[in-house]
Amino acid sequence: MSGSPRILVVGGVAGGASAAARARRLSEEASIVLFERGPYVSFANCGLPYHIGGVIPQRGRLLVQTPESLSARFDIDVRVNTEVVSIDTQGKVVVARNLKTGKESREPYDALVLSPGAEAIRPGIPGIQHERIFTLRNMGDMDAILAAVSKPVIGRALVVGAGFIGLELAEQLHHRGLPVTLVEKLPHVLGVADREMTFPLHEELTRQGVDLRLGRSVAAFEPGPEGLVAILDNGDRIPCHMAVLSVGVRPETQLARAAGLALGPTGGIRVDDQMRTSDPNIYAVGDAVETRDFVSGDPALIPLAGPANRQGRIAAEVILGRDSRYKDTQGTSICKVFDLAFAMTGLSEAALQRKGLAYRRIYVFPADHATYYPGAHPISLKLLFDPEDGRILGAQAVGVAGVDKRIDVIAVALRAGLTVFDLEDLELCYAPPFGSAKDAVNMAGFVASNVVRGDVDLWEPEELAALTDRQVLLDVRTFQEHAHGSISGATCAPLDELRDRLEALPRDKELLVFCQVGLRGYIAARLLTQHGFKVRNLSGGYRRYAMWQGTHTVALACEAALQSEDGE
């Protein structure tokens with residue numbers, strides 16, 4: 001767009017503020033107006049739970065930019081407390097209403113950027129409008145929650161929904177000293193994650209004293225002595241001082257829909273890879289837009305701050321003549337849950353199943369750094385990949401330390417189109433305080449590559465329900481480890497004694513071997529295969545079985561993995 005274009009941006013925060021600032025950096029001649037319905041044009045919404053908990057004590061630290069700073073540095077006309085109520089696409093004019101005075105103005109544009117974000121879902125259940133029931137999407141929401149938890153007499157806090165925000169809120173309300181109940185409709189926290197990868201989070205929440213109610217939903221609220229009573233779908237009644245709803249968000253598309261802009265199948269505003277809507281003069285960015293999933297190419301709603309920032313930047317560049325394109329969203333994310341962190345990138349196993357995509361999965365449980373250096377902690381890492389060519393499809397990890405580093409590395413590999421074979425060759429930082437000579441990412445590559453190459457066949461815990469008399473479970477850990485807990489029906493044949501026991505093993509049956517975390521099982525599988533046995537190994541070993549079953553103490557299994565005699 002040549003000359004001195006007039007660019008209007010509707011909505012601030014990540015997407016809109018980035019678009020406005022980038023447009024100014026590219027053009028001193030452009031006229032840029034940014035409308036924000038609320039009083040804050042750019043704030044760190046991901047930091048809101050941490051101010052509630054007191055981890056970020058200064059409220060002002062959450063204000064990334066102010067109208068004054070944007071005006072002084074970028075010469076942007078910022079109009080807060082102003083809502084754009086309609087768009088005339090033919091006349092290229094918006095109607096903006098000052099929410100304090102009620103005065104309306106007609107504002108022409110050459111290019112319009114929509115960044116309306118997403119709104120928190122409030123389910124239509126009885127009592128949902130009670131004044132002590134909150135959501136958390138903006139600074140005003142945060143202030144209201146803070147006011148509620150700062151009263152002299154405070155009772156239980158109820159958090160409904162255990163997604164990223166719900167988990168962070170549960171931790172931060174607990175950090176303030178409130179007893180916390182966390183209710184989640186699914187049988188596990190973090191619906192975007194795979195079930196078995198969330199069990200360490202369940203244990204951590206319970207260990208910290210959070211009352212975790214899984215597989216339950218709130219059917220109604222009613223007034224009570226402490227303020228509220230939440231009535232669950234099973235009839236349980238939970239008295240609480242206040243409740244915060246964190247059951248999801250939906251894109252705010254009313255303005256776009258009223259203007260006749262096309263929506264996609266997910267309900268978000270449909271855009272092309274240059275963030276252009278169905279109207280060539282209107283762009284849309286952030287949580288309100290439908291993008292494509294990087295792995296599958298399917299339409300997706302993935303509300304994350306990083307993508308929103310990049311989308312705003314791209315929209316500004318396209319408006320001002322650059323050939324910039326958004327390259328889909330892979331959903332890389334992380335969440336702190338007390339002393340643990342969970343992170344993921346790409347698709348989960350559940351998502352791959354829903355989409356009908358072929359995949360294989362492996363699990364490794366290495367330490368975050370060399371185990372002989374003090375303070376090593378195990379990482380539970382799951383890698384999903386294409387069974388034919390080893391293309392990386394997704395990864396999830398949970399642990400005390402080093403989780404972000406490993407998922408970031410795999411996220412880059414996924415973005416670059418690398419395979420599990422490339423993970424074997426990655427040269428990553430190593431010194432005993434920071435990693436191992438064979439990093440966790442390398443280990444995942446080794447294990448997955450063995451599967452794709454055909455060096456080892458795997459069996460899955462789900463097969464245990466249909467074992468036949470033609471199969472034998474073989475535990476290749478030590479007798480001591482076996483005695484402390486094993487898979488029901490397994491025979492113990494320690495790896496270091498296996499060659500001496502070959503004659504006692506049945507050659508007419510399939511041997512399903514396992515160890516603690518997978519390494520000794522792999523060695524046993526290679527040994528037995530070369531001696532003519534039909535054999536498969538359990539990736540992740542007994543540790544994986546414990547996570548899948550969900551009844552064993554994962555922390556103890558982790559420690560056993562770190563202390564195993566052969567350094568698994």
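Positions are given from 1, in the same order as the sequence printed here. Worth saying up front: this structure is predicted, and the values here are computed from it rather than measured.
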Determine, for Arg216 against Asp236, whether the closest basic-nitrogen to carboxylate-oxygen distance falls under 4.0 angstrom.
-> no
Check the surroundings of atom CZ in Arg361: do more than 12 heavy atoms from other residues, nucleotides or ligands lie under 6.0 Å from it?
-> yes
Spell out, as yes or no, whether a donor-acceptor pair under 3.5 Å connects the side chain of Glu204 to the backbone of Asp339.
-> yes
Can we say Asp439 and Arg406 salt-bridge, meaning some charged N sits less than 4.0 Å from an Asp/Glu carboxylate O?
-> yes
Quick one: does Arg122's side chain have a donor or acceptor within less than 3.5 Å of a partner on Ile128's backbone?
-> yes
Please check if the side chain of Asp194 supplies one atom and the backbone of Ala350 the other of a donor-acceptor pair under 3.5 Å.
-> yes
Is a side-chain donor or acceptor of His202 paired with a backbone partner of Val189 at a separation under 3.5 angstrom?
-> yes
Hey, do the aromatic rings of His482 and Phe479 have their centres closer than 6.0 Å?
-> no
For Leu232 and Val218, what are the C-alpha separation, side-chain angles and deciding distance, and is it a side-chain contact (heavy atoms from CB on, under 4.5 Å)?
-> CA-CA 4 Å; Leu232 303 190; Val218 176; 3.8 Å; yes
Are more than 12 heavy atoms from other residues, nucleotides or ligands located less than 6.0 Å from atom CD of Glu462?
-> yes
Does Arg391 count as lying over the ring of Phe385, i.e. NZ or CZ under 6.0 Å from the six-ring centre, within 45 degrees of the axis?
-> no
Residue pairs passing the salt bridge (charged side-chain N to carboxylate O under 4.0 Å, His left out) test with at least one member in residues 408-423, sequence neighbours excluded, are none
Verify, without hydrogens or angle tests, whether Thr198 (side chain) and Arg195 (backbone) share a donor-acceptor contact under 3.5 angstrom.
-> yes
Kindly say whether His377 contributes a backbone atom to a donor-acceptor pair with the side chain of Asp368 at under 3.5 angstrom?
-> yes
Hey, is NE2 on His484 packed in by over 12 heavy atoms from elsewhere, all under 6.0 Å?
-> no
Would you verify whether the NZ or CZ of Arg207 falls within 45 degrees of the ring axis of Phe338 while also being under 6.0 Å from that six-membered ring's centre?
-> no
Is there a donor-acceptor contact under 3.5 Å from the side chain of Arg360 to the main chain of Ala448?
-> no
Under 6.0 Å from the OH atom of Tyr373, do we count more than 12 heavy atoms belonging to anything else shown?
-> no
What class does the angle between the rings of Phe365 and Tyr363 fall in, given that below 30° is parallel, 30 to 60° is tilted and above 60° is perpendicular?
-> parallel
Check the surroundings of atom NZ in Lys355: do more than 12 heavy atoms from other residues, nucleotides or ligands lie under 6.0 Å from it?
-> yes
When Phe342 is tested against each of Val403, Val337, Leu201 for side-chain contact (heavy atoms from CB on, under 4.5 Å), which residue passes?
-> Leu201
Trp459 side chain vs Val535 backbone, donor-acceptor pair below 3.5 Å = no
Can you sort out the partners of Lys405 under side chain to side chain donor-acceptor pair (under 3.5 Å), two or more places apart, ordered by chain and number?
-> none
Is the closest basic N to carboxylate O distance between Glu252 and Arg137 below 4.0 Å?
-> no
Verify whether one side chain among Arg544 and Ser539 offers a donor that lies under 3.5 Å from an acceptor in the other.
-> no
Any pair with a residue in residues 463-473 that passes side chain to side chain donor-acceptor pair (under 3.5 Å), sequence neighbours left out, goes on the list, sorted by first then second residue, please.
-> Glu463-Arg536, Gln471-Glu510
Test item: Ser217 side-chain N/O and Asp233 main-chain N/O as donor-acceptor pair under 3.5 Å | no
For Glu184 and Ala162, indicate whether the former's side chain and the latter's backbone hold a donor-acceptor pair under 3.5 Å.
-> yes
Greater than 12 external heavy atoms within 6.0 Å of Phe421's CZ = yes
